[in-house]
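What follows is a single structure, written as structure tokens, with notes after it.
Computed from heavy atoms alone, side chains included, the values below leave out hydrogens, waters and symmetry copies. The first residue of the sequence shown is numbered 1, and numbering continues consecutively from there.
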Amino acid sequence: MPTLDMETSDSSGAPVAAASTGKRVLLAEPRGYCAGVDRAVETVERALEKHGAPVYVRHEIVHNKHVVETLTNKGVVFVHEADEVPEGAMVVFSAHGVAPNVHELAADRGLRVIDATCPLVNKVHNEAKRFARDGYDILLIGHAGHEEVIGIIGEAPDDVQLVDGLDAVASVQVRDENKVVWLSQTTLSVDETMQTVVKLRERFPNLQDPPSDDICYATQNRQTAVKAMAPECELVIVVGSRNSSNSNRLVEVALGAGADAAHLVDYAEDIDPSWLHPESGEVQTIGVTSGASVPEILVRGVLERLADHGYDTVFPVTTANETLVFALPREIRPDRR
């Protein structure tokens, strides 16, 4: 097992190069499960305990291969759309949220719905509805095809325009330049989102900001931790699945913050030994973090594999402490009696 050196934990995000010489791992804190993911996964597990298998889940409950496979083995059936669920059966909506027409379809089929949408995603849904009612053009910064984006657009399809990156800004058209607001997918890169906002504001000087930050606190915290350690790292390993937006953003943030290389892995076995021996010589410092939908057991597996290659001393790099917990959906809360 790798040795964890707690004395070098850095709560300020300052460089940690002086902490050690030789092979070492810098372990980002915070990392892994956020409150919304924890709530969603526990919702499905509680539904299984309370009602038994099968429990149907529309789309992946969270974007993580291990979580989905584990729940499948317990009796969860993942479906693409609600019309694949037998009439009258139970269905859980994923943490990414759904459009109103999905709720309508579920009601038409008499499905028993448990909505595990992350409360922070729900906040963006409510903002979209409110600004649409007030006659605003809503510029949603996000990635085309992402489930969260589809759900938000579904709240006000006639009023929301997707802005997928800087190149999309030029094609935006609005009805009234004095009534324009931007919102965002919760799992984006903070820096890239603000670059897009700056470019949008060049076109629309009266562009209004959302009432509060749309990018999830956990997404921001994980990116901040990576920025703190990446300048010291020749290699950063991000544990997360390829369909996880926030995990992919961590790879990009690591490279942008100065890491020589960064790779996304689902499991420890995905680590290519050649990453540890680039042309420049043997890697000395490896950063490790994980996306917001990744269970800690997968990170432990990565640390153990790195220890097998001589990286057996681990230094935490701590930039925030997270204490937020979301209440479970009322349908599966414990009976207080």
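- In plain terms, the two heavy atoms of G32 and S290 that are nearest each other are N-OG, 2.9 Å.
- Using cut-offs of 30° and 60° for the angle between ring planes, the W275 and H263 rings count as parallel.
- With sequence neighbours excluded, no residue satisfies ring pair (Phe, Tyr, Trp, His ring centres under 6.0 Å) with Y311.
- The environment of N321 atom CG is sparse: at most 12 non-hydrogen atoms of other residues, nucleotides or ligands sit within 6.0 angstrom.
- Residues forming a salt bridge (Lys or Arg N to Asp or Glu O under 4.0 Å) with K74 (at least two apart in sequence, or on another chain): E45.
- To the nearest 0.5 Å, atom SG of residue C34 and atom OH of residue Y217 are 5.5 Å apart.
- Applying the salt bridge (Lys or Arg N to Asp or Glu O under 4.0 Å) rule to pairs touching residues 267-288 yields K23-E282, sequence neighbours excluded.
- For L26 against C233, the heavy-atom pair with the smallest separation is CD1-SG, 4.0 Å.
- By the 6.0 Å contact criterion, CZ on R203 is enclosed, its count of non-hydrogen atoms from other residues, nucleotides or ligands being greater than 12.
- Here H277 pairs with nothing under the ring pair (Phe, Tyr, Trp, His ring centres under 6.0 Å) rule; sequence neighbours left out.
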Can you give me every donor-acceptor pair (side chain of residues 142-155, partner residue at least two apart or in another chain, under 3.5 Å) with its distance?
residue: H143; atom: ND1; partner: D164; partner atom: OD1; Å: 3.4
residue: H143; atom: NE2; partner: R249; partner atom: NH1; Å: 3.3
residue: H146; atom: ND1; partner: E148; partner atom: N; Å: 3.0
residue: E147; atom: OE1; partner: H59; partner atom: ND1; Å: 3.3
residue: E147; atom: OE1; partner: H96; partner atom: ND1; Å: 3.3
residue: E147; atom: OE2; partner: H63; partner atom: NE2; Å: 3.1
residue: E148; atom: OE1; partner: T186; partner atom: OG1; Å: 3.0
residue: E148; atom: OE2; partner: T186; partner atom: N; Å: 2.7
residue: E148; atom: OE2; partner: T186; partner atom: OG1; Å: 3.2
residue: E155; atom: OE2; partner: H125; partner atom: ND1; Å: 2.7

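- Not a single donor-acceptor pair under 3.5 Å links the side chain of Q208 to the backbone N or O of V180.
- Remark: E296 engages R300 in a salt bridge, criterion side-chain N to carboxylate O under 4.0 Å.
- E60 places no side-chain N or O within 3.5 Å of a backbone atom of V68 that could act as its donor or acceptor partner.
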Taking it one step at a time, do D214 and K123 satisfy salt bridge (charged side-chain N to carboxylate O under 4.0 Å, His left out)? CA-CA 8 Å; D214 283 345; K123 178 181 78 72; 2.9 Å; yes

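- Here the CG atom belonging to L162 is positioned 9.5 Å from the CD1 atom belonging to I141, to the nearest 0.5 angstrom.
- Applying the salt bridge (Lys or Arg N to Asp or Glu O under 4.0 Å) test to pairs two or more places apart or on separate chains, those with a residue in residues 129-140 are D137-R175.
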